[in-house]
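Written below as structure tokens is the structure these notes are about.
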Amino acid sequence: MDYLEGLNPQQQQAVMAGTGPVLVLAGPGSGKTRVLTHRVAYLIAQLGVQPYHILAVTFTNKAAREMEARVDGLIGGRSRGLTLGTFHAVCGRILRREAEYLPFDGNYVIFDADDQLRIVKQVLREFNLDEKRYRPQSIHASISRAKNELIFVDDFPVQSYRDEVVKRVYTRYQQILLASNAVDFDDMLLWTVFLLEDQPALRERYARRYEHLLVDEFQDTNLAQYTLLRHLASFHRNIFVVGDADQSIYRWRGADYRNVRRFEQDFPDAQVILLEQNYRSTQNILDAAMAVIDRNPYRVPKKLFTQRGAGAKIVVRELYDDHEMASFVVNRIANDVAAGSAQPGDFAIMYRTNAQSRLLEEAFLAVGLPYKLVGAQRFYGRREIRDVVAYLRLVQNPRDEVSLTRVINVPRRGIGNKSLLALQTYAQRMGLTPGEVLLQLEEGAESPAETAIPSRARVSLAAFGKLLRGWCAQRDEFSPLELMDRILADIRYREYLEDGSEEGQERWENIMELRRLAGEYRSRRLVDFLEDIALISDQDTLDEAANVPTLLTLHAAKGLEFPVVFIVGLNEGTLPHSRSFEDEEAMQEERRLLYVGITRARDCLYLLYSLNKNLYGYPEPAEPSRYLGDIPPELVEGTSRRRSVFARRRQLWVEDDAPAAVEQQFHPGMRVQHPSWGEGMVLTSKLDEGDEVLDIFFEDVGLKRVVASLARLTVIS
DNA sequence: ATAAAGTGACTTTTT
DNA sequence: GTCACTTTAT
């Protein structure tokens, strides 16, 4: 049987575990993805289970796609019919199919974080509540937390005045979502649980259908997800979950690693299988990871081991500031690549907060080295993308008021705040949504609107209503791409964006990228396109084909691995983050976050901290992270030439600066040629990290700082 | 109604 | 240093 080939005894045991509940506790790099895929293949090929009767839940869409491809590879295309996806994607499908039992219809749209915040702000204004006293972010976080714990509005507990406020906002927030025929991320789970609890017949249908449930990253499920699993497993009880409590890093999103313990209580007959052998990292890296995580209390100790040997020592580096940290990373990568010891794609740079990526990106750009940045927000958060998506969402669901307000005057069409307000007031009086009113507005036709909306505004509104009507009429016969093209043409979006500036040009190119994506939905409906866009995850945007270094947050690094990992910004306040200081549970999660980061590394690990970290763009003295002190010195490089630094009564080990001796090849005044920047003159040259760093003034592009080993410079004179 | 200029608040982490 | 949001001038 090829689906057992190359698996160790524990992995085989997991793959072939019989029926009933199974809990696989899998350390990092222990091959849990392999176990899951092989198990699915085993169920289908060996036990003859129909793919239709299997549900597998992954943490990202990317993981789902990979699993599908791998299962197909194992059993040759027999995986068709498998239900596979993230919790949200799976719930999304169920909700659309079963919309008749729900207070919204199958054309519902999904409100993302930005939409959610807009609604909270709108409600706060509506209630005349001070946004300073009641931070929209924080109010929304409370609502979200409640939803993740399956607390519906009516059951929201009130123990303080603030709770009272949250409850009022939550109530109105939910009204607005329903009026908009929309759900937010949390609702997708919540409504699915509601559906299964409210409709016993339906619950039984789904529970009977799914003979086997498989769940990846189980430690990051929240109560809503766990409850959903329990309902779905209620008939067959074949639930196979894989997780590692030490890698639980989404507590703030409602994830509760205690679900692992809860699972053992709810399914006392569960088989428990431990996967401790690591196939990814060297022993030094594993030892460092264990040293960090061992300091967390109340955990089940795990002994990770590898047969890969000790490997290279870990490099701990102190840099002057974040700029130096970024250049250090870029220089190291450039050197290793130039020396032929690694490929650009082998490297990953991980950080705690997104803001930290900026300086790194600048450092890469400065030397002309390409990189990729993981983060969907970067693309889908752009104004132009959000605008066009809002148009599409409006066509999909004209009741979506958030999208309507977003685009009603973009590009400018003479509908200002006054007109919008008149429309909203009138709609409210009629018991309709503004979108519905808009669709009914006929130019010149007599209607009650005549008195309520001033005539000037009525003309502009009716014109827009006509456009919207046209698009809606074609929604079902046009493909998403055709519809998008029609809208772009009708609103002259290109002319609006391309104002002659470079930025405008870039914005239009982003639209073309979105257009390319829409083109992939040739035979599918607009709903599918919009749903996929809403549920896209950061990791989904990762382009594995490009052989370039990867920049990503520690959260986004979950489940990935790289030969060489840099973890930057290991400073108090950054990692651990200052927002976690007062919360013991949060502090434990910070530790797990670093644990996840360290265990992503296969061969080399760099841990970097700076003496001055950036705060809002200004430098501020910083202390090294407490976690550095937890790593045994014998695992760290530079033992012989080591000096100790005392920082806050903790001893830290830092490598001495010992630049490799390299002779300067370039001197000020030299004329050089760069492959993409053309001719220029060397202004300064200095040796750094065994390489030569040059400042060159190029005729075409101005001053640039380059690394000699990388820039492929040729001397002209 | 709109464009420009000023303000302040703020950064964890994301489906 | 960056964003969203508000004020001010046209």
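We name chains A, B, ... by the order of the sequence lines, and we start the count at 1 in each one. These numbers were taken from a predicted model, which means no experiment stands behind them.
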Distance-only polar pair, side chains of [X] and [Y], donor-acceptor under 3.5 Å:
X	Y	answer
A:E361	A:Y371	yes
A:S142	A:R162	yes
A:N510	A:E384	yes
A:R393	A:S403	yes
A:S610	A:D322	yes
A:E590	A:S580	yes

Give every pair of a protein N or O atom and an N or O atom of nucleotides 9-11 of chain B that lie under 3.5 Å apart, one pair per line with the distance.
{"from": "B:dC10", "atom 1": "OP1", "to": "A:R135", "atom 2": "NE", "distance (Å)": "2.8"}
{"from": "B:dC10", "atom 1": "OP1", "to": "A:R135", "atom 2": "NH1", "distance (Å)": "2.3"}
{"from": "B:dC10", "atom 1": "OP1", "to": "A:R135", "atom 2": "NH2", "distance (Å)": "2.8"}

Respond yes when some side-chain nitrogen or oxygen of A:S537 is under 4.0 Å from OP1 or OP2 of B:dT14, and no when none is.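 So the side-chain polar atoms of A:S537 never come under 4.0 Å of the phosphate oxygens OP1 or OP2 of B:dT14.
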
Report the distance from atom [atom1] of [X] to atom [atom2] of [N], rounded to the nearest whole Å.
X	N	atom1	atom2	result
A:Q116	B:dT14	CD	C1'	11 Å
A:F185	B:dT14	CZ	P	12 Å
A:Y250	B:dT14	OH	P	6 Å
A:N61	B:dT15	CG	C1'	9 Å
A:I533	B:dT15	CD1	P	14 Å
A:I110	B:dT14	CD1	C1'	15 Å
A:I536	B:dT14	CD1	C1'	13 Å
A:H555	B:dT13	NE2	C1'	4 Å

Of A:T86 and A:A586, whose closest DNA chain B nucleotide lies nearer the 5' terminus?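 Result: A:A586.
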
A:L593 vs A:R456, nearer the 5' end of DNA chain B by closest nucleotide: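 The 5'-side residue here is A:R456.
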
Between C:dA4 and B:dT13, how far apart are the P atoms? Round to whole Å, please.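 About 15 Å, rounded to a whole number of Å.
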
Among B:dA1, B:dT14, B:dT15, find the nucleotide with the atom closest to the side chain of A:A556.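 Looking only at side-chain atoms, A:A556 lies closest to B:dT14.
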
How long is the straight-line distance from CG of A:N397 back to CG of A:L530, given to the nearest 0.5 Å?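 One finds 10.0 Å between CG of A:L530 and CG of A:N397.
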
Separation of A:N354 CG from A:T553 OG1 (nearest 0.5 Å):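 The distance works out to 6.0 Å.
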
When you look at A:E131 and A:R135, which way does the salt bridge (Lys or Arg N to Asp or Glu O under 4.0 Å) test go after all the steps? CA-CA 5 Å; A:E131 288 194 20; A:R135 288 263 133 75; over 6 Å; no

Could you work out, with side chain to side chain contact (heavy atoms under 4.5 Å, CB included) as the rule, every residue matching A:N107, not counting sequence neighbours?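 So A:N107 forms a side chain to side chain contact (heavy atoms under 4.5 Å, CB included) with A:D105, A:N181, A:Q396, A:R475.
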
By side chain to side chain contact (heavy atoms under 4.5 Å, CB included) - contacts of A:A355 (at least two apart):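 Partners of A:A355 under the side chain to side chain contact (heavy atoms under 4.5 Å, CB included) test: A:T353.
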
Heavy atoms under 4.0 Å, any strand shown: does A:S419 hit a base, just sugar-phosphate, or nothing?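 Sugar-phosphate, no base atom in range.
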
Just to be sure I understand the geometry, which residues of residues 117-128 of chain A put a non-hydrogen atom under 4.0 Å away from DNA chain B?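 Going residue by residue through residues 117-128 of chain A, none turns out to have a heavy atom under 4.0 Å of DNA chain B.
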
Review item, nucleotides 2-5 of chain B N/O atoms under 3.5 Å of protein N/O:
{"from": "B:dT2", "atom 1": "OP1", "to": "A:G414", "atom 2": "N", "distance (Å)": "3.3"}
{"from": "B:dT2", "atom 1": "OP2", "to": "A:N409", "atom 2": "ND2", "distance (Å)": "2.8"}
{"from": "B:dA3", "atom 1": "OP2", "to": "A:R412", "atom 2": "NH1", "distance (Å)": "2.3"}

From the options A:T192, A:V193, A:D187, select the one residue that forms a side-chain contact (heavy atoms from CB on, under 4.5 Å) with A:L190.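 The side-chain contact (heavy atoms from CB on, under 4.5 Å) with A:L190 is passed solely by A:D187 among A:T192, A:V193, A:D187.
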
Out of A:V153, A:D186, A:L223, A:L189, which residue meets the side-chain contact (heavy atoms from CB on, under 4.5 Å) rule with A:K147?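 Looking at A:V153, A:D186, A:L223, A:L189, the match for A:K147 under the side-chain contact (heavy atoms from CB on, under 4.5 Å) is A:D186.
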
In Watson-Crick or G-U wobble terms, both distances under 3.5 Å, what is the partner of C:dT7?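 Its partner is B:dA4 (Watson-Crick or G-U wobble, both distances under 3.5 Å).
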
Counterpart base for B:dT13, defined by Watson-Crick or G-U wobble contacts under 3.5 Å: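 Result: none.
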
How about A:R97: does its CZ atom have over 12 heavy atoms from other parts shown lying under 6.0 Å from it?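 Count over threshold, so yes.
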
Can you give the first and last nucleotides of DNA chain C, 5' to 3', that have an atom under 4.0 Å from a heavy atom of chain A?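 Here the contact window of chain A covers C:dG1 to C:dC5.
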
Ignoring hydrogens and angles, tell me if any N or O in the side chain of A:K613 forms a donor-acceptor pair with the backbone of A:E572 under 3.5 Å.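 Yes, because the side chain of A:K613 sits within donor-acceptor range (under 3.5 Å) of the backbone of A:E572.
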
Is the aromatic ring of A:W252 within stacking range of B:dT13, meaning centres under 5.5 angstrom and planes under 30 degrees?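 A stacking contact exists, since A:W252 sits close and nearly parallel to the base ring of B:dT13.
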
